[in-house]
**Student:** 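To start, I am sharing the structure in question, which I have written as structure tokens.
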Amino acid sequence: MSTTTWFELSAARDTLTPETERDRRRRRILVLCAPFLVLAAVAAFVPLATMVRMSVSADRFANVGFSASAWRTLATDPLYRQVAVNTLWFAAATSAVSVALGVAVSHAFAKYSLPFERVLVSVVSFPIALPGIVVAFMVVALLGRQGLVTNAVAFFSGQGPIDLATATTVTGLFVGYVYSLLPRATMVLRGTYAEVNTDAEQAARALGADPLRTFYYVTLPEIRPGIVAALLLTFRTALAIFGTVLVLQGLNVATLQLSQVISVGYESQIAASIGLVYFAFILAVTFVGLRYTEADVIRR
């Protein structure tokens, strides 16, 4: 038996039958991690392995044979390139707007004594509990042909509601995304604002800095990790939104295209390929974002 093998067996034995506090701590960590490892294996690793096999299957209804046609289609078909571009710019734009609004809302909650603050916090947080389909119908109720905003604008402008309706356009979809993403950004940023050094802000104001300069030079560097975390969270959420885009269909993004690929013709190989690209991209974005946040915190 090699030295390495003997060491591994010894470590495993010490973990199962601990004699020292270090071994007992290791066993507690192992026990606590066991449910997650089981869940990860069942809900992540096994499905991913199945998707890899499905993406190169020669048959739509069974994982048999080998064919790279799905990956070639994904790489060469202009439709999927356009879907990728739509997905990225739309997720980035809605995330940026949501985080910018989240900074403003969080700043107001942290720096001002607002009337009915608890009610306002509940109103801002409420969309987190709403399914995407409900959000979509709320957009229709506001911006659709019979929508409140549409008919109000039609009344004052003299135009027809049909011409003014924007619920099923990119504008309506944008509103639905931002409505869903704003509370997520605010939730992260409110926690970040709780850690801001208020003494430094007060010192800047005492030295003559106006509120805008104080925010830019003092507050903004303090909340930068929170902004990155909020952008990361909202961007990943925007990539995964399905119910809202399924109803409004203002833009052909990846989740909508994935639904169409499965429901029309059941192209399982292409669906699996899209899913794998999605997983790899989101994992990379998460890794880069966390590394950036960690480095920013260390520099501070």
Side-chain angles (χ1 to χ4, degrees), residues 36-96 131-133 135-136 167-174 176-177 180-181 231-292:
F36 170 76
L37 294 176
V38 173
L39 179 63
V42 174
F45 303 145
V46 173
L48 281 173
T50 304
M51 286 170 62
V52 171
R53 180 65 187 95
M54 187 182 298
S55 69
V56 293
S57 173
D59 191 285
R60 289 183 299 170
F61 303 104
N63 293 334
V64 295
F66 177 85
S67 174
S69 61
W71 289 101
R72 283 195 297 270
T73 301
L74 218 59
T76 60
D77 193 328
L79 170 65
Y80 293 102
R81 286 200 296 271
Q82 187 60 52
V83 167
V85 171
N86 290 346
T87 303
L88 292 177
W89 81 256
F90 196 73
T94 52
S95 297
I133 293 178
V135 171
T168 55
T169 66
V170 175
T171 300
L173 189 61
F174 196 95
Y177 266 57
S180 296
L181 297 176
L231 283 170
L232 179 64
L233 175 63
T234 54
F235 185 70
R236 291 188 305 176
T237 305
L239 291 174
I241 287 178
F242 175 65
T244 304
V245 71
L246 181 65
V247 174
L248 300 180
Q249 298 191 14
L251 188 69
N252 190 11
V253 295
T255 47
L256 179 60
Q257 183 63 30
L258 184 60
S259 173
Q260 292 173 347
V261 165
I262 295 175
S263 60
V264 180
Y266 191 70
E267 300 178 51
S268 58
Q269 302 100 318
I270 293 179
S273 302
I274 295 174
L276 290 170
V277 172
Y278 232 58
F279 173 81
F281 181 75
I282 292 178
L283 185 65
V285 168
T286 303
F287 178 77
V288 172
L290 291 177
R291 288 293 298 271
Y292 179 86

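Just so you know, residue 1 is the first one in the sequence shown, and it goes up from there.
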**Student:** Would Thr50 and Asn63 count as a side chain to side chain contact (heavy atoms under 4.5 Å, CB included) here? Give the steps.
**Tutor:** CA-CA 9 Å; Thr50 304; Asn63 293 334; 4.2 Å; yes
**Student:** Walk me through it: do Val83 and Val253 pass the test side chain to side chain contact (heavy atoms under 4.5 Å, CB included)?
**Tutor:** CA-CA 5 Å; Val83 167; Val253 295; 5.6 Å; no
**Student:** With rounding to the nearest 0.5 angstrom, report the CG to CZ distance, Leu74 to Arg81.
**Tutor:** 10.5 Å
**Student:** Do you know the tightest heavy-atom contact between Ser95 and Ala91?
**Tutor:**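 Looking at all heavy atoms of both residues, the shortest contact is OG-O, 2.6 Å.
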**Student:** To the nearest 0.5 Å, what is the distance between OG1 on Thr234 and CG on Leu231?
**Tutor:** 5.0 Å
**Student:** Hey, which of Val261, Thr87, Leu248, Leu246 is the one that makes side-chain contact (heavy atoms from CB on, under 4.5 Å) with Leu256?
**Tutor:** Leu246
**Student:** If you look at every heavy atom in Leu88 and Phe235, which pair is closest and at what distance?
**Tutor:** O-CE1, 4.1 Å
**Student:** Between Ala70 and Ser273, what is the shortest heavy-atom contact and its length?
**Tutor:**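 Distance-wise, the nearest heavy atoms are CB-OG, 3.6 Å.
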**Student:** For the pair Gln260 and Asn252, evaluate side chain to side chain contact (heavy atoms under 4.5 Å, CB included) and give the outcome as yes or no after the intermediate values.
**Tutor:** CA-CA 10 Å; Gln260 292 173 347; Asn252 190 11; 4.2 Å; yes
**Student:** Can I get a per-line list of side-chain donor-acceptor pairs under 3.5 Å for residues 236-244, giving both atom names and the distance, sequence neighbours left out?
**Tutor:**
{"residue": "Arg236", "atom": "NH1", "partner": "Thr286", "partner atom": "OG1", "Å": "3.2"}
{"residue": "Thr237", "atom": "OG1", "partner": "Leu233", "partner atom": "O", "Å": "2.7"}
{"residue": "Thr244", "atom": "OG1", "partner": "Gly132", "partner atom": "O", "Å": "3.0"}

**Student:** When you measure from the side chain of Thr168 to the backbone N and O of Gly250, does any donor-acceptor pair fall under 3.5 Å?
**Tutor:**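 The answer is no, because no donor-acceptor pair under 3.5 Å joins these two groups.
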**Student:** When you measure from the side chain of Ser180 to the backbone N and O of Gly176, does any donor-acceptor pair fall under 3.5 Å?
**Tutor:**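 A pair under 3.5 Å: yes.
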**Student:** How long is the straight-line distance from CD of Gln269 back to CZ of Arg53, given to the nearest 0.5 Å?
**Tutor:** 10.0 Å
**Student:** Hey, what do you get for CD (Gln257) to CG (Asn86), rounding to the nearest 0.5 Å?
**Tutor:**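 If we round to the nearest 0.5 Å, Gln257:CD and Asn86:CG are 10.0 Å apart.
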**Student:** Counting C-beta onward and ignoring hydrogens, is there a side-chain heavy-atom pair between Tyr80 and Ile274 closer than 4.5 Å?
**Tutor:**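 Tyr80 vs Ile274: side chains touch.
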**Student:** For the side chain of Asp59 and the backbone of Val64, is there at least one donor-acceptor N/O pair under 3.5 Å apart?
**Tutor:**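 Not confirmed, Asp59 side chain does not pair with Val64 backbone.
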**Student:** Just wondering, more than 12 heavy atoms not from Ile133 lying within 6.0 Å of its CD1?
**Tutor:** no
**Student:** Could you give the distance from CH2 (Trp89) to CG (Leu251), rounded to the nearest 0.5 Å?
**Tutor:** 5.5 Å
